[in-house]
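In what follows, chains are A, B, ... by sequence order, proteins preceding strands, each numbered from 1. Basis for what follows: all heavy atoms, side chains included, without hydrogens, waters or symmetry-related copies.
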Amino acid sequence: SQWGEENLQALSIQEGEDVTMNCSYKTYTTVVHWYRQDSGRGPALIILIRSNEREKRSGRLRATLDTSSQSSSLSITAAQCEDTAVYFCATAQQGTGSKLSFGKGAKLTVSP
Amino acid sequence: EAAVTQSPRNKVAVTGGKVTLSCNQTNNHNNMYWYRQDTGHGLRLIHYSYGAGSTEKGDIPDGYKASRPSQENFSLILELATPSQTSVYFCASGDRWGSQNTLYFGAGTRLSVL
């Protein structure tokens, strides 16, 4: 498998809290994608981080990438109920062209 | 906006029957993909395609065939459906070559094989 075991997570938090989801991968990559999947829908890209960026922000989202430890994280600041979703990290292994492999996902539930 | 449409949205099939899942994209993307999603496994790649006429095996191709007759259409075929193929299937199109390829997913097809 491309992925570490900690990539399957279930997180429950209250509105207004911060949360971080982690992702570790076993083969070298220079780009990590983070996708979000709402109930009953297909996943959608929310942030993409390259190895030369170390950290990337988009609104209340913050992604980090550490190629030396082959890990990435996605943080959400001041979570809201509408952030409830499943979050996946995904990478394309070197030499596999455009073949994207997904982690098992983190199910985030944000309660009022 | 990118549009990937899957049909049918729900399908009940009998064991041993043939099932065809269809996908149409209006993005004019070269790359298309079929994934299945199961609890505890996340998304797993079945087949993908780099353009009309091409199909490639993904990570779990056994029991599945794929067909890409045109830029817009990509089908997943289960010649002899089995209960283990009960799952939610997602089609996606991809906008570029390489590791920065962003995928645009359809809404999914829920398949039950009885």
Side-chain angles (χ1 to χ4, degrees), chain A residues 1-10 21 23-53 56 58 65 67 72 85-107, chain B residues 1-7 9-10 21 23 25 27 29-51 54-61 66 74 87-110:
Chain A
S1 170
Q2 158 83 332
W3 304 100
E5 290 303 318
E6 66 269 29
N7 293 299
L8 179 61
Q9 303 173 42
M21 290 163 275
C23 168
S24 64
Y25 50 91
K26 295 181 179 178
T27 58
Y28 181 76
T29 188
T30 58
V31 180
V32 172
H33 305 230
W34 283 92
Y35 283 75
R36 166 191 170 136
Q37 183 179 27
D38 295 317
S39 181
R41 304 188 69 173
L45 181 72
I46 53 174
I47 200 164
L48 184 153
I49 181 166
R50 302 172 183 83
S51 57
N52 62 354
E53 296 178 303
K56 185 133 178 220
S58 176
L65 175 58
T67 54
S72 177
V86 179
Y87 293 83
F88 294 95
C89 58
T91 67
Q93 297 179 46
Q94 289 285 89
T96 63
S98 304
K99 180 181 158 182
L100 204 60
S101 175
F102 285 77
K104 294 181 180 179
K107 182 175 173 59
Chain B
E1 185 175 329
V4 178
T5 305
Q6 295 182 232
S7 62
R9 291 296 314 278
N10 293 280
L21 307 183
C23 180
Q25 56 112 349
N27 309 321
H29 290 162
N30 289 330
N31 304 329
M32 295 189 75
Y33 306 80
W34 277 106
Y35 288 86
R36 64 178 283 177
Q37 185 173 32
D38 304 286
T39 303
H41 290 281
L43 289 155
R44 292 181 290 174
L45 182 63
I46 306 170
H47 284 289
Y48 59 108
S49 168
Y50 291 130
S54 91
T55 60
E56 305 287 339
K57 292 181 179 179
D59 298 321
I60 54 163
F74 190 38
S87 187
V88 180
Y89 292 84
F90 288 97
C91 175
S93 69
D95 65 352
R96 69 190 65 183
W97 178 262
S99 59
Q100 298 184 44
N101 180 34
T102 297
L103 299 191
Y104 298 86
F105 283 86
T109 294
R110 185 172 296 274

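A/Asp38 meets the side-chain contact (heavy atoms from CB on, under 4.5 Å) test with A/Arg36, A/Arg41, A/Ala85; sequence neighbours excluded. Taking A/Phe88 as the reference, nothing meets the ring-ring contact (aromatic ring centres under 6.0 Å, His included) condition, with sequence neighbours excluded. A search for side-chain contact (heavy atoms from CB on, under 4.5 Å) contacts involving B/Asp59 returns A/Lys99, B/Leu45, not counting sequence neighbours.
Among B/Leu103, B/Asn31, B/Thr102, the residue with the largest count of heavy-atom pairs under 4.5 Å with chain A is B/Leu103. Ranking B/Gln6, B/Gln37, B/Arg110 against chain A, the residue ahead of the rest is B/Gln37, based on heavy-atom pairs under 4.5 Å.
Note that the OG atom of B/Ser54 and the NE2 atom of B/His47 stand 12.0 Å from one another [nearest 0.5 Å]. Distance check: B/Tyr104 OH to B/His29 NE2 gives 5.5 Å after rounding to the nearest 0.5 Å.
By a heavy-atom distance cut of under 4.5 Å, A/Leu45, A/Leu48, A/Arg50 are the residues of residues 45-52 of chain A near chain B, going up by number.
Distance alone, capped at 3.5 Å, places no donor-acceptor pair between the A/Ser72 side chain and the A/Leu65 backbone.
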*Residue pair B/Leu43, A/Tyr35: steps toward the side chain to side chain contact (heavy atoms under 4.5 Å, CB included) verdict*: CA-CA 11 Å; B/Leu43 289 155; A/Tyr35 283 75; over 6 Å; no
